[in-house]
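Worksheet: one structure, shown below.
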Amino acid sequence: MKERIASLIEQAIATLCEQQVLPTDVAPRIQIDRTRDKSHGDFACNVAMMLAKPAGKKPRDIAEALIAALPQDDAIADVQIAGPGFINFFVTEDFLGQQLTAALNDSHFGIAKPTHTQTVVVDYSGPNLAKEMHVGHLRSTIIGDAVVRTLEFLGHNVIRQNHVGDWGTQFGMLIAYLEEQPAGINDTALSDLESFYRAAKQRFDESEEFANRARQLVVALQGGDAHCLEQWRAFNSVSLRHCLDVYQRLGVSLSAADVRGESAYNDQLSLIVDALRDSNMLVENDGAQCVFLDQFKNKEGEALPVIVQKADGGYLYATSDLAALRYRQQTLNAERMLYFVDQRQALHFQQVFAVAKQAGFVKTDTDLAHMGFGTMNGADGRPFKTRDGGTVKLVDLLDEAEQRALALVKSKNPTLDDSELTNIAHTVGIASVKYADLSKNRSSDYIFNFDQMLSFEGNTAPYLLYAYTRVVSVFRKADIDPATLIGSMNIQAEQEQLLGNSLLQFGEVLNHVAEKGLPNLLCNYLYELAGHFSSFYEHCPILSSEDPAVRNSRLQLAWLTARTLKAGLALLGINTLERM
RNA sequence: GCGCCUGUAGCUCAACCGGAUAGAGCAACGGCCUUCUAAGCCGUAGGUUGCAGGUUCGAGUCCUGCCAGGCGCGCCA
C-alpha cells in the first residue's frame, strides 16, 4: 500500500512539474508513513514540506496542489491536509477487507517475494567447543536464528555458518588431560565439560610438566599428528553433541551440517598470509606479520596493526576470520554476510572487513555487517554470573526457566494432567527466555530477570502464547474448521480496523527485521498485534454475533490473527500451544 | 589518550533511513466476569528524552562540545 500511495504522489509531482507549479529538477525521496493517530488517516506523506524550500512556496499550498493533481484511486476514501503540510490518506474499508481476505487466502500472507533472491551467509552461535555452552552464547544463537528464519521466510538463500571454536591452544591442554583419564574418552568423563575444562586448567596451572606436555600436544595437533587428531576429533564430537542437544532444546535451527569451525580453515591460514604478502599489504613488526590500516589508531596515534601471524609462526583469529571471509565469498558466493557476535568485537570486525576488501578476498559490493549485541546482565547490572562468580551454564539457566514455568502453569491451571503440564512448562519456559532476549534492542545490554520474562503481563512470551490460545479456542469451542471459511471480510468496528491494519503490516515488519537484523521489531509488532486482538476479542463478539456475515468476517479476522501470531512466533523460533 | 556502545516515567523497555500530542508493561490508584480462557479488557496518574549549543518548517533521532556508565585498543579468542 505504501508503494501504491508513493506512486500516486510521484505522478502528482510529475504533473505539477509539467504545469511548472514545481521546478522540474525536484526529485524528493517519497516517504510514506503509517500514522500513529487514526485521526490522521492511515498513511501520511511529508513531501509537501520537503518541496517547500526548492519550490519557494508554502507547504500547505503545495499539498493542496498535489492533492488536486492526485490520480483517482478507489482504495483511497479521502485525502486531507493537516498540520504544517502533511498529506493524510484514508483507506476505504472495502480495500482493507480485500487486502485481508487476500492475506488470509495466501500461505505467504500476501507478502511478495523479493525481486532479487540474495545469498546471505549468517555467522552465529559460534560456541567454544573446549567448554560447555554458557549464557554468553545465548544472544548470538537465538538472535541469529530469528534473523535467519526471517530471511528464509522472505525468500532469500540463507547459509548458516556455525564458526565454532574447535582449534587453538586450549585443545593441547584438554588432550593432555584426556590422556591421563584411566577410562580414556567416554561420556562419563565428559558428561560435564565445564568441570573437565576446569580440572584440566588446574593441572595446567599447577604442573609445569603437564603444561609442557600440553604445549607439545598443540604443536603435534597442528602438525597433523594422527593420534592427537584422533583424540581431538573424539573430544569435539562429544562437545558438539552437547551443543546440538542445547540447540534442539532451545528450538534453534542449527544442525551439524552448519558447523564449519576454525579448524576448517587451518590449511588456508598460510595461504592467506601469502596472499597478503603478494598484495604488498604485509609488514613485519617485531617478528610478527601485520597489516597496518591508517583508519585505525592505537594509543600513540599510530596506525593499528592487524596481526595475522605471530613471531613464533602461529596464526590468530584474525587470520581464520579472513580465511572464512574468503571462503564465504569465493565458495559460498555470499552477497551479504551477517555476523552475530558480541559488540565487544566491533573493532576486530571493522579491521578484518577492511583487510578482506582491500586484499580482494571479498568483493567491494558485498555487504558485510557485524550485528553486535550487548551483554546479558544480572539484576545488579553486572554480567550475569553464578553466586560464586562463575559463568552460568546454559543448561542450568534453561532448567531453572522450565522449573519456574512449571510452578507457574500449575498454579494457574491445576486441572491439567502431568504430561501436558510438562509440555506446556517446557514451551513456556524456553519461549520466555528466548522472547525476553529477542524483544530487547540488540545493541544495548539488558538485565536478565526470570520474574519479568515469565510474567503473563506486558511484552512477554506467556502473554503472546496466551493470546494465541484464546484465538484457537474460539474455533475449538465452536468446532469450526478454519479451512472452510469463505466469503469476504467486512471491517466495521474500530477494534476491527485496528486489528486489520495491524495484520497487514506483517510483511513490512519482516523486511525491516531482515534489513536491520533486529528481531525486537518483530516482537514489538506481535505484542501490538496480540493487544489489538485482545481488545477486539473483548469488544466484538465473534461466535455470538447475530448477523451471519459479521460472524463470518470476524472468524476470518480471528483466523488470520492466529496464523500471523503462529508464523511470527515461529520466525522467532518459538513454538505455540493450542491450550495452556 | 584514542575509538565504539549506552543514557528516555520510580523500575524494565519501545519509538518505523528527522514528522504531528515521546509510547507499553511493572509498581500506584479506579472500573469491568450469569456471555468465545479475567493468564484478559477499559481508565487515572506519572517526562525539561544526561547537560549545553547548532542544523531544520520540524530533533529522543542528525552535527559539535561537555557529563555519567559499559566495553575495546600488537602477537588470547
Side-chain angles (χ1 to χ4, degrees), chain A residues 29 31 33-37 39-40 44 46 49-50 52-53 58-59 82-86 88 126 128 130 165 167-170 262 285-290 296-301 304-312 314-318 320-321 342-348 350 372 374-375 377 381-383 408-409 411-413 436 439-441 443-447 449 451-452 455-460 462-463 465-467 469-471 473-478 505 508-509 512 515-516 520-521 523-525 527-528 531 534-535 537-539 541-545 554 558 579-580:
Chain A
R29 191 175 59 81
Q31 183 184 334
D33 291 323
R34 283 185 186 276
T35 54
R36 259 184 254 265
D37 181 346
S39 68
H40 295 140
N46 59 15
M49 291 175 293
M50 297 177 75
K53 187 161 274 184
K58 288 182 190 164
F86 288 103
N88 292 335
N128 182 351
W167 202 242
T169 49
Q170 70 269 55
E262 291 172 344
N285 198 289
D286 293 337
Q289 302 301 319
C290 310
F296 304 108
K297 306 286 187 198
N298 70 1
K299 293 167 197 164
E300 285 76 39
L304 202 59
V306 179
I307 301 177
V308 293
Q309 189 171 23
K310 296 192 281 185
D312 68 4
Y315 301 100
L316 296 109
Y317 76 135
S320 51
D321 274 337
D342 194 308
Q343 187 63 45
R344 285 175 291 193
Q345 295 195 36
L347 178 61
H348 165 73
Q350 279 182 43
T375 314
N377 289 330
R382 305 292 308 158
L408 217 53
V409 173
S411 72
K412 293 285 187 187
N413 201 345
S439 62
K440 266 103 193 163
N441 190 303
S443 60
S444 45
D445 296 347
Y446 87 99
I447 293 179
N449 182 323
D451 292 327
Q452 222 158 284
S455 165
F456 296 96
E457 285 138 10
N459 190 4
T460 64
Y463 175 85
L465 293 173
Y466 176 66
T469 62
R470 291 177 103 190
V471 194
S473 80
V474 171
F475 293 87
R476 188 168 52 236
K477 170 120 184 171
Q505 290 171 40
E508 59 189 75
V509 169
H512 208 184
E515 183 191 336
K516 304 274 184 187
N520 72 306
L521 298 173
C523 295
N524 293 345
Y525 166 75
Y527 177 57
E528 198 178 273
S534 290
S535 191
Y537 183 84
E538 204 73 30
H539 296 97
I542 302 170
L543 297 173
S544 52
S545 283
R554 287 181 178 171
R579 75 179 91 217
M580 60 190 281

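Residue numbers start from 1 in every chain, and the chains themselves are labelled A, B, ... in the order their sequence lines are given, proteins ahead of strands. Side chains included, hydrogens not; waters and symmetry mates left out as well; all remaining heavy atoms used.
Taking the six-membered ring for Trp and thresholds of 30 and 60 degrees, His348(A) and Tyr317(A) have nearly parallel ring planes, at less than 30 degrees apart.
Rounded to whole Å, the P atom of U64(B) lies 27 Å from the corresponding atom of U48(B).
Across all strands, His512(A) comes closer than 4.0 Å only to sugar-phosphate atoms, never to a base (heavy-atom distances). Counting any heavy atom pair closer than 4.0 Å across all strands shown, Lys412(A) reaches a base atom. Using a 4.0 Å heavy-atom distance criterion, Ala467(A) is classed as making no nucleic acid contact. Here His348(A) lies out of heavy-atom contact (under 4.0 Å) with every strand. Residue Thr469(A) is in base contact, counting any heavy-atom pair closer than 4.0 Å across all strands shown. Here Leu316(A) lies in heavy-atom contact (under 4.0 Å) with sugar-phosphate atoms only. Counting any heavy atom pair closer than 4.0 Å across all strands shown, Asp286(A) reaches a base atom. Note on Leu408(A): nothing from the nucleic acid sits closer than 4.0 angstrom, heavy atoms only.
Scored by the side-chain contact (heavy atoms from CB on, under 4.5 Å) test, Ala558(A) finds Val471(A), Phe475(A), Phe533(A), Ile542(A) as partners (sequence neighbours excluded). When the side-chain contact (heavy atoms from CB on, under 4.5 Å) test is applied to Asp37(A), the partners found at least two apart in sequence or on another chain are Ser39(A), His40(A).
Distances shown here put a side-chain N or O of Ser473(A) below 4.0 Å from the OP1 or OP2 atom of U37(B). For Ser439(A) and A14(B), the shortest distance from a side-chain N or O to OP1 or OP2 is not below 4.0 Å. Contact between the side-chain N/O atoms of Lys310(A) and the OP1/OP2 oxygens of C76(B) is found at a separation under 4.0 Å. Applying the 4.0 Å criterion to OP1 and OP2 of A14(B), one finds that Lys440(A) has every side-chain N and O outside that range. Put simply, Ser443(A) has a side-chain N or O that comes within less than 4.0 Å of OP1 or OP2 on U6(B). For G23(B), neither phosphate oxygen OP1 nor OP2 lies less than 4.0 angstrom from any side-chain nitrogen or oxygen of Arg36(A).
Side-chain atoms of Asn88(A) come within donor-acceptor range of the base of A20(B), with a qualifying N/O pair under 3.5 Å. For C4(B), its base never sits under 3.5 Å from the side chain of Arg344(A) at any donor and acceptor pair.
Base orientation for C33(B): syn, the chi torsion being within 90° of 0.
Of the listed nucleotides (A39(B), A15(B), C57(B)), A39(B) has the atom at the smallest distance from the side chain of Met580(A). Of the candidates C42(B), A14(B), G40(B), A14(B) carries the atom nearest the Asn520(A) side chain, counting heavy atoms from C-beta on.
Evaluation of Tyr537(A) against the base of C36(B) yields a stacking contact (centre distance < 5.5 Å, interplanar angle < 30°). By the stacking rule of 5.5 Å between ring centres and under 30° between planes, Tyr527(A) does not stack on the base of A24(B).
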Dot-bracket for RNA chain B, 5' to 3', Watson-Crick and G-U pairs with both distances under 3.5 Å, [ ] for crossing pairs, | for partner on another strand, reads (((((((..((((.....[...)))).(((((.......))))).....(((((..]....))))))))))))....
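Considering all non-hydrogen atoms of both residues, Thr460(A) and Gln452(A) come closest at CG2-O, 3.5 Å.
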